[in-house]
Amino acid sequence: MLSISNAVLTRGITPVFDGLTLQLNEPRIGLIGDNGAGKSSLFRMACGLEAPQSGSVTVQGLQAFRINAQRPNLVGMMFQNPDDQIVFPTVQEELALGLTATGLPRREAITRARAFLATRGLEAWAERAISSLSQGQRQHVCWLAILLCQPALILLDEPFASLDLPGQALLHDDMARASQQIIVSTHVLEHLRDFDRVIWLDSGRVRADGDAESVCAQYRADVAARIAARTAVTR
């Protein structure tokens, strides 16, 4: 599905990736690591928002930076901050946006959006102003917009950060039921327990790559060791 080959990405004078290579084919993949490790940057390359200076990033064989023009809705991404993603003032208009990108008339797109909200028990949300929603509710709107468009690959960047416990449980259940490939970047490691594969990124490099239990355990152990070392120095 997603192939990254010798990708080099630099912002200004700051290197992000220096020859990153990954083949990401499993249905459920988790990305973990410290802030600044490169998780969001990997997603930005995968959905075509950034292109590597060298190397390649492809989705189903298509260059990722061409996807939005050639295959709208092939990749769906949910950003850490929903306010960086939401465009329209009402929920139904925001959900309809992805459908109109494929050429569906706006009126039909809104009709489908309203029908979809009804299947989720959220018909009352259709005409609600986005500004009236909490941060977690706005994040849920972004998730619903992705589900409605049915992309082949779904990228979720810190999707649990703004959600309360019921919201986290609902998203976890939705992900388990979805037929698409889903890649999740998160610090909430328990949500990766049943994933097929977890990748630990460290300063733009793959530190560990394997089953969820072992990779998460390695990362937890490393964090604990670093905290212990800092505590020892300050004593």
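Contact record, Gln139 with Glu158: NE2-O, 3.4 Å, taken as the closest heavy-atom pair. Smallest separation of non-hydrogen atoms from Arg197 and Asn25: NH1-N, 4.5 Å. Heavy-atom minimum distance, Phe79 versus Gln85: N-OE1, 2.9 Å.
Side chains of Asp174 and Trp143: a donor-acceptor N/O pair is present below 3.5 angstrom, by distance only. Side-chain contact check for Arg11 and Ser41: at least one donor-acceptor pair (N or O, by modelled atom type) lies under 3.5 Å. A donor and an acceptor atom, one from each side chain of Glu93 and Thr90, are located under 3.5 Å apart. When only modelled atom types and interatomic distance are considered, Arg66 and Gln63 share no side-chain donor-acceptor pair under 3.5 Å. A donor-acceptor pair shorter than 3.5 Å can be found between the side chains of Gln180 and Gln150.
For the atom pair CD1 (Ile154) and CD (Gln181), the distance works out to 10.0 Å, reported to the nearest 0.5 Å. With rounding to the nearest 0.5 Å, the separation of CG in Leu104 from CD1 in Ile110 is 10.5 Å. Between atom CG of residue Leu117 and atom CH2 of residue Trp125 there is a gap of 8.5 Å, rounded to the nearest 0.5 Å. Considering CG of Leu148 and CG of Leu95, their distance stands at 5.5 Å, rounded to 0.5 Å. Of the inter-residue distances, the one linking Asp202 atom CG with Tyr219 atom OH reads 8.5 Å to the nearest 0.5 angstrom. Between the CG atom of Asp18 and the OG1 atom of Thr10 there is a distance of 7.5 Å, given to the nearest 0.5 Å.
The shortest distance between side-chain heavy atoms of Val8 and Phe17 does not fall below 4.5 Å. Side-chain contact between Leu192 and Ile32: present, with at least one pair of heavy atoms (C-beta onward) separated by less than 4.5 Å. Counting heavy atoms from C-beta on, the side chains of Val57 and Pro52 come closer than 4.5 Å. Side-chain atoms of Glu213 and Arg193, non-hydrogen and from C-beta on, never get closer than 4.5 Å to each other. Residues Asp209 and Val215 have side chains not in contact (no heavy-atom distance under 4.5 Å, counting atoms from C-beta outward). When side chains are defined from C-beta on, His140 counts as touching Leu122, because their heavy atoms get closer than 4.5 Å.
Under the 4.5 Å side-chain heavy-atom criterion for grouping Ile, Leu, Val, Met, Phe, Trp and Tyr, Leu97 is not connected to Val91 through any hydrophobic cluster. Grouping the Ile, Leu, Val, Met, Phe, Trp and Tyr side chains by contacts below 4.5 angstrom, directly or via other members, places Val198 apart from Val206. Note on Trp200: it clusters hydrophobically with Phe195, by side-chain heavy-atom contacts below 4.5 Å among ILVMFWY residues. Note on Leu22: it clusters hydrophobically with Val16, by side-chain heavy-atom contacts below 4.5 Å among ILVMFWY residues.
Within 6.0 Å of CZ on Arg128 lie more than 12 heavy atoms contributed by other residues, nucleotides or ligands. Heavy atoms of other residues, nucleotides or ligands lying less than 6.0 angstrom from CZ of Arg226 number more than 12. Summarising the local packing, CZ of Arg120 is surrounded by more than 12 heavy atoms from other residues, nucleotides or ligands at distances under 6.0 Å.
Looking only at distances, no side-chain donor or acceptor of Glu94 sits under 3.5 Å from a matching main-chain atom of Ala145. Using modelled atom types, one side-chain atom of Asn73 and one backbone atom of Gly98 make a donor-acceptor pair closer than 3.5 Å. The main-chain N or O of Leu201 is never found under 3.5 Å from a side-chain atom of Arg207 such that the two would form a donor-acceptor pair. Within the 3.5 Å criterion, the main-chain N or O of Gln137 finds a donor-acceptor partner in the side chain of Ser134.
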Check: Which is it for Arg28 and Asp194 under the salt bridge (Lys or Arg N to Asp or Glu O under 4.0 Å) test, yes or no, and what are the steps along the way?
Finding: CA-CA 8 Å; Arg28 297 291 181 270; Asp194 299 326; over 6 Å; no
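A salt bridge does not link Asp34 to Lys39: none of the charged nitrogens lies less than 4.0 Å from a carboxylate oxygen. Using a 4.0 Å cut-off between charged side-chain N and carboxylate O, Arg44 and Asp157 make no salt bridge.
Just one of Val59, Val75, Leu74 meets the side chain to side chain contact (heavy atoms under 4.5 Å, CB included) condition when paired with Met1; it is Val59. If you run side chain to side chain donor-acceptor pair (under 3.5 Å) between Gln80 and each of Ser40, Ser185, Ser162, only Ser40 comes through.
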